[in-house]
Amino acid sequence: MQAKKINISQCAFSGITRMELLSFPGITENEEQAIESLLDRMTHLSVSPIIEDLTIQFRRQHQTKLPERLLLQQQKPMPLSC
């Protein structure tokens with residue numbers, strides 16, 4: 001059986017995947033740029049870019065569980081100071 005080559009432009013990721021990858025509290029700027037560069041080459045299946053960005057920032061600061069914060073943001077967006 002021969003391995004099939006995958007074209008990255010035919011790949012996709014969810015907004016949740018992006019949030020998980022980028023909300024790690026110790027992520028370096030270089031790591032963030034490398035992840036973003038890779039994701040930029042794929043199709044983004046988004047929840048909502050604003051919700052994703054707020055969730056990433058909040059999770060980095062408060063280390064909450066992602067699904068809990070995402071559900072709260074979808075119900076009623078809150079400022080990051082909550």
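The figures here come from the full heavy-atom set of this structure, side chains too, leaving out hydrogens, waters and symmetry mates.
Note that CD of E20 is 9.0 Å distant from OG of S14, once rounded to the nearest 0.5 Å. Distance check: F13 CZ to H44 NE2 gives 4.5 Å after rounding to the nearest 0.5 Å. Expressed to the nearest 0.5 Å, how far CZ of R18 lies from CD of E36 amounts to 5.0 Å.
With sequence neighbours excluded, the residues that form a side-chain contact (heavy atoms from CB on, under 4.5 Å) with L21 are T17, I35, L39. Residues forming a side-chain contact (heavy atoms from CB on, under 4.5 Å) with I6 (at least two apart in sequence, or on another chain): C11. Applying the side-chain contact (heavy atoms from CB on, under 4.5 Å) rule to N30 yields the partners T28, Q33; only residues at least two apart in sequence or on another chain are considered. Under the side-chain contact (heavy atoms from CB on, under 4.5 Å) criterion, A34 pairs with no residue, sequence neighbours left out. Every residue two or more places apart in sequence or in another chain was checked for a side chain to side chain donor-acceptor pair (under 3.5 Å) with S37, and none qualifies. For the side chain to side chain donor-acceptor pair (under 3.5 Å) test, residues two or more places apart in sequence or in another chain that qualify with N7 are S9.
Remark: E32 engages R60 in a salt bridge, criterion side-chain N to carboxylate O under 4.0 Å.
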